[in-house]
Amino acid sequence: MSVKSTAAKPRTPRTGTGTRGGAKRRGGTGEPELVQLLTPEGERVQHSEYSIDLSPDELRGLYRDMVLTRRFDAEATSLQRQGELGLWASLLGQEAAQIGSGRATRPDDYVFPTYREHGVAWCRGVDPANLLGMFRGVNHGGWDPNENNFHLYTIVIGSQTLHATGYAMGAAMDGTDSAVIAYFGDGASSQGDVAEAFTFAAVYNAPVVFFCQNNQWAISEPTEKQTRVPIYQRSAGFGFPGVRVDGNDVLAVLAVTKAALEHARSGQGPMLVEAFTYRMGAHTTSDDPTRYRLDEEREQWERKDPILRLRTYLEKEGLADEAYLAGIEAESEALGKRVREAVRTMPDPDTMAIFENVYADGHALVDEERAQFAEYLATFEEGH
Amino acid sequence: MSVKSTAAKPRTPRTGTGTRGGAKRRGGTGEPELVQLLTPEGERVQHSEYSIDLSPDELRGLYRDMVLTRRFDAEATSLQRQGELGLWASLLGQEAAQIGSGRATRPDDYVFPTYREHGVAWCRGVDPANLLGMFRGVNHGGWDPNENNFHLYTIVIGSQTLHATGYAMGAAMDGTDSAVIAYFGDGASSQGDVAEAFTFAAVYNAPVVFFCQNNQWAISEPTEKQTRVPIYQRSAGFGFPGVRVDGNDVLAVLAVTKAALEHARSGQGPMLVEAFTYRMGAHTTSDDPTRYRLDEEREQWERKDPILRLRTYLEKEGLADEAYLAGIEAESEALGKRVREAVRTMPDPDTMAIFENVYADGHALVDEERAQFAEYLATFEEGH
Amino acid sequence: MATTTMTIAKALNEALRKSLETDAKVVLMGEDIGKLGGVFRITDGLQKDFGENRVIDTPLAESGIVGTAIGLALRGYRPVVEIQFDGFVFPAYDQIVTQLAKMHARALGKIKLPVVIRIPYAGGIGAVEHHSESPEVLFAHIPGLKVVSPSNPQDAYWMLQQAIDCDDPVIFFEPKRRYWDKGEVDPTAIPAPLHTAHTVLDGTDVTLAAYGPMVKVCLEAAAAAAEEGRSLEVVDLRSLSPVDFDTLQASVQKTGRLVTVHEAPVFLGMGAEIAARITERCFYHLQAPVLRVGGFHAPYPPARLEEEYLPGLDRVLDAVDRALAY
Amino acid sequence: MATTTMTIAKALNEALRKSLETDAKVVLMGEDIGKLGGVFRITDGLQKDFGENRVIDTPLAESGIVGTAIGLALRGYRPVVEIQFDGFVFPAYDQIVTQLAKMHARALGKIKLPVVIRIPYAGGIGAVEHHSESPEVLFAHIPGLKVVSPSNPQDAYWMLQQAIDCDDPVIFFEPKRRYWDKGEVDPTAIPAPLHTAHTVLDGTDVTLAAYGPMVKVCLEAAAAAAEEGRSLEVVDLRSLSPVDFDTLQASVQKTGRLVTVHEAPVFLGMGAEIAARITERCFYHLQAPVLRVGGFHAPYPPARLEEEYLPGLDRVLDAVDRALAY
Ligand SMILES: Cc1ncc(C[n+]2csc(CCOP(=O)(O)OP(=O)(O)O)c2C)c(N)n1
Ligand SMILES: Cc1ncc(C[n+]2csc(CCOP(=O)(O)OP(=O)(O)O)c2C)c(N)n1
Ligand SMILES: [Mg+2]
Ligand SMILES: [Mg+2]
């Protein structure tokens, strides 16, 4: 895989007009500042600053990642409907943004996700079944973040951008050239913590990429409720560049994120990437988007589907024949099945786990309460 | 007084390069983007976007405001040394930033200060002696904010920018054309609250001017510890214009702030003004700046003194003769004396004031504690 | 509206509607409270009927919401803020503690801040992390704030209106797992003062003091105890700042025993203050120490453990047994 | 360093120096802690000696400081954060409560967060608003945090090093008005465990329980009481989460009476928990209810009123009198 970019050099970010309406929302492909390498129709196009050159295997790999991620996501949604999960936050529609950026990271890079980065987790090598624990309610995450340099899901909006910044400061102090990527949403861009993360990252020149998936919605609120100019413009006033990429174009996302990570690891400090995409499903399985948005908006975005366009391209280029596609299909089904089984057999936590891991070095009150509760529970066993 | 500006029209803010070093710190007059109408040498200069045309009386008024404010400030500093005040936060050096902006406001506008806006308070008609209550420790502020539309001093850095934004939202909802101005410092620009205020102000198009006095220091930290690009560039990424003005040039500050307030009240939403100035004294009387900054920096800024340059101009134009200046001097002394006496006779609060104004509608626990404490105190009176 | 059976959710919605109707200065603010009607639908239909200036969808920033609500209050408005879930109030904590709670005193009374902050709180709905917290102590400890929590539709309807009418900041905790519990609401009743406790069940042996979601648990415990011939009195505190200690004291002077019940951790929970103060007030009446049932000193657990974590009927009755064993 | 007389401020400075020397992963973060040495000079000279990567002047944003400290801890560092004054910790409260306190549990123990947050707290220095707060309960109530507060130079020196060594987040409250109090520091002593209480004065009539700035007040009260022939025992709690109830219980079982003293408001203060728990543990030993001396339910007053507001010798002795009157 080779990714070339001029973005690693200091350059003038393309900031907005500073007044309302500087860019049209949901402009999609029409917007000049959107980096795109693969059109919704599956045409490869060139971009003046970002280019990418992938082998057929690499291209097929991205396709496979997206298909499997979508399949996993669908399985989780249906597991929620079946009552196996309490909740699910679907990434449907955001596969390119997640696979493109996830595949841009190196193993030694560190990833700070929100609660929706199932595709990124996949790229990092986290077992998808592990992601379901918190949605089933058996834990709050619980995978080992250091196993794949993939932090736990963070639910409090924006918090993780500061953790990522601090981690990046540490990586730089350690003299490594590892970079960090922090995911957040369009809604999250309003949180003070995100602004503070921008400030710290800029002041300390921390090697962190802020990756905003602008999926146009924060639950029921459209992006206009968070900002009146495009989000990628936010960073310039903090002293680092921002770029908007077509978030449904896996090639562009890969190229741009790779460049941003290079920018960071080469000592040039933070960068903001706004992946312009769309949340095709509900916010979570608890949500009812019919209350606040029109079907036609979704339909418009369906035409920009990230998987379809890569498939069109692969087929056109003769890189994917029916056998290949059938193979991926079979793999998808197997994944779905494996996840389904894994979830169904996921054991409930032991009651006394309530008292575990509250502290690393112990705490007298926890010990006391644990003992009292055990005693109390024992009264039932004795048939009290 | 007439102030003309092209800034009231939507325009492209001059944003930075987005990379470190986009502008030199402490550049002072050398920086192209600094709006200036009166040079440190007292020369009137023109600016392409901002102009101002003041009568002799208006010009003398600004001079008088600055001199009296500085005199008041010096008196407060010496009152602190004499033990009459517990603390004082001097505005020395920031007179132009405060008088220029304060005089730009209309009576129906509303002002949200930090803890250093003594000059703005003066312009709003707040009795200077009233400002000293909190520094003497007899109250936490205590003037009636609605008397002069001048809110209480806010100590928690950045908080008031949100109050200002909410107030401005309300003013707009009420259908008035009043505007709001929120003061904050270079250090404050790092607080999440300030970023959230920018977001709310932009999204609701609130008529609020964010007025940042960049006095180069947040206690011991230079501005580089807060940002790597000029602060006025911060707003563009939130969707509204920012401008940097020579904060030691009272004419430029007046012109720019007036324009910004017009921008706000005419329905164009918020604007950011960065007044580039210098904190000539210590952070507060508790601070020791010799630990962290060089005398020569201060000396450089002394040459840009806001009062001196206006005086030079007035004298050159024949607007201030010795008699006039002596008059101001006498007025200053009288003010100092009045303030000194007012502070010395400021009564200590009654002990039971502890329990007053905790709630507007009463609270049983406060009532109980008040009664118990009164009973306890009575035991001493009875010679218990 | 005549006396009607409705859920707590509906009662809150009706209370907001009534307030919006009767006072043009009332505005609602929060995330997703407009078209969506809030994630719990408490504001359902209100933006449609009162417009976007009265029911304001805000940016996703809680400090910003509370901070601008303060500004609106300074301008004469009466903002009613919705925090989406208990666990998301903390970004606003600074504004609440250092500004909202203190500004009236700071201004020597010259400013009033009639701001209500509605917080769906506590557990029992099988949610993911941060959606089941009980942070009431973190507000009740702060001078300048008032804190209340209804446990039934009638109180929900009236207490919310009273909170909005109050000239002080009120933190209004809504027991989210009871949102769909039904009860009678009489819109013509003359409501009790906001900060009074209610004895919701008379009894003689032990007093149970609870509020919000735990009132129901205590009533169930009392019913179970009654079958065993024990007479429990249940006091619904309703207000956590101030607490109506007079009502509680009267009850404990009668029963001689007190068990407090809440979901929040016991350590420094409301039960601590109640135990300390009631012990002081009823030192010679108490037959047993005040016993406290509540959450453990551990983060709220994953949903599959919340049944075990949450105080239920059995744990309440266990404490009753222990109190009676003295 | 041999046993030396020094101030609490100096002892803290020495402890930080020692930690920076012995563990390369220790980093200090905060506003003005570099050249200035912090507004209280606790970090005086440390940036000069250890460099800007070990002693980090941060932007003016407390949530940012704590949030990035968490990130540094995830990377293997041991950040020691200075919050400039008690009243300025609230912008960081969300990061502390929802992230710092819970992340170890969230990760099922796979992550440790050895972060110390130093907070100069409480009143008595004649400061303006927000500079005299006692917010300890707001942290001690939170599972996942540990909370301690030294009252003398020896404890300051050792407890800070122990806090830094601890693999859990520790909120370290420094009694700012005692910074300049002197005492002996023995750098070779084997310190007591961090979370134990110390009986600093033996007595028989009434136990006084205090921590931080109030320990001195209690010792003074005990001296005054001794002149009247009353023997007070003084327990310095040192740790507020966990509290060493065993030491306290032993004392109360001996004296039969307990008075708690702190600056924070009494309502839901540490005294509430101590009263509740000690009453439960010592129900048959207590000759009087646990009485509590502390701040009122009012914002910390302007400096000219703080003498009256703060618990002093007289108010402590008044409570002792009342306890003995039972
Ligand atoms: C501090 C905080 N406030 C509120 C919430 C509730 N909440 C969860 S997701 C969400 C919307 C997030 O929108 P966005 O950042 O665009 O991410 P997306 O869900 O679209 O991926 C909200 C308001 C939260 N989790 N944290
Ligand atoms: C939230 C908060 N953190 C810390 C402080 C302590 N503090 C008071 S003033 C100050 C520096 C402010 O700098 P700046 O914003 O530039 O304003 P200036 O004092 O220069 O006018 C600090 C850190 C505070 N008041 N509030
Ligand atoms: Mg979104
Ligand atoms: Mg400054």
Side-chain angles (χ1 to χ4, degrees), chain B residues 86-87 89 115 133-142 153 155-159 185-194 218-222 225-227 283-284 286-289 291-293 348-358 363 365-366 368-370 373 376-377 379-380 384, chain D residues 30-41 44 47 52 56-65 67 84-85 87-92 94-95 125-131 265-268 293-309 314-315 318-319 321-322:
Chain B
L87 184 83
Y115 41 81
M134 65 178 273
F135 293 98
R136 187 173 169 85
V138 302
N139 59 42
H140 293 314
Y153 280 179
I155 290 176
V156 180
I157 299 289
S159 302
D186 44 300
S189 70
S190 295
Q191 280 287 359
D193 270 10
V194 175
I219 308 186
S220 74
E221 300 194 16
K225 289 278 174 234
Q226 316 292 342
T227 179
H283 170 69
T284 65
S286 300
D287 182 37
D288 174 11
R291 293 179 72 99
Y292 54 81
R293 70 182 191 187
D348 276 357
D350 183 70
T351 300
M352 299 310 283
I354 290 171
F355 303 97
E356 298 316 309
N357 300 311
V358 183
H363 191 279
L365 178 59
V366 175
E368 186 182 323
E369 290 188 346
R370 185 197 292 108
F373 195 52
Y376 163 77
L377 290 179
T379 61
F380 291 92
H384 179 80
Chain D
E31 297 158 7
D32 306 295
I33 69 167
K35 283 192 185 157
L36 186 63
V39 294
F40 290 107
R41 309 289 185 268
D44 193 24
Q47 191 182 65
E52 296 198 12
I56 306 173
D57 269 327
T58 64
L60 207 178
E62 287 77 7
S63 189
I65 299 171
Q84 199 161 80
F85 281 91
F88 308 137
V89 70
F90 300 112
D94 174 53
Q95 283 286 348
I125 63 161
V128 294
E129 207 187 347
H130 309 292
H131 292 69
V266 165
F267 188 77
L268 286 164
V293 178
F296 301 111
H297 193 71
Y300 196 90
R304 299 261 167 163
L305 287 176
E306 72 179 341
E307 279 292 302
E308 281 87 349
Y309 177 88
D314 285 324
R315 275 171 65 200
D318 173 68
D321 288 346
R322 286 185 285 122

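Sequence lines set the chain letters: A, B, ... in the order given, protein chains first and strands last, and positions in each chain run from 1. For clarity, every value in this text was computed on a predicted model and none was experimentally measured.
At a 4.5 Å heavy-atom cutoff, the contact between B:Asp287 and chain D is made by side-chain atoms alone. Heavy-atom distances place the side chain of B:Phe373, and not its backbone, under 4.5 Å from chain D. Interface residue B:Tyr376: only side-chain heavy atoms are found under 4.5 Å from chain D. The part of B:Leu365 that comes within reach of chain D is its side chain, from C-beta onward, which places non-hydrogen atoms under 4.5 angstrom from that chain. Heavy atoms closer than 4.5 Å to chain D are found nowhere in B:Arg370, neither backbone nor side chain. Only the side chain of B:Leu87 comes within contact range of chain D, judged by heavy atoms closer than 4.5 Å. Residue B:His363 touches chain D through its side chain alone, counting heavy-atom pairs closer than 4.5 Å.
For the pair B:Glu369 (side chain) and D:His297 (backbone), a donor-acceptor distance under 3.5 Å is present. Counting only distance, with no hydrogens or angles, the side chain of B:Gln226 and the backbone of D:Pro59 share no donor-acceptor pair below 3.5 Å. In this structure, B:Arg291 contributes its side chain and D:Leu36 its backbone to a donor-acceptor pair below 3.5 Å. Distance alone, capped at 3.5 Å, places no donor-acceptor pair between the D:Tyr309 side chain and the B:Ile354 backbone.
Residues D:Lys35 and B:Glu221 have side chains not in contact (no heavy-atom distance under 4.5 Å, counting atoms from C-beta outward).
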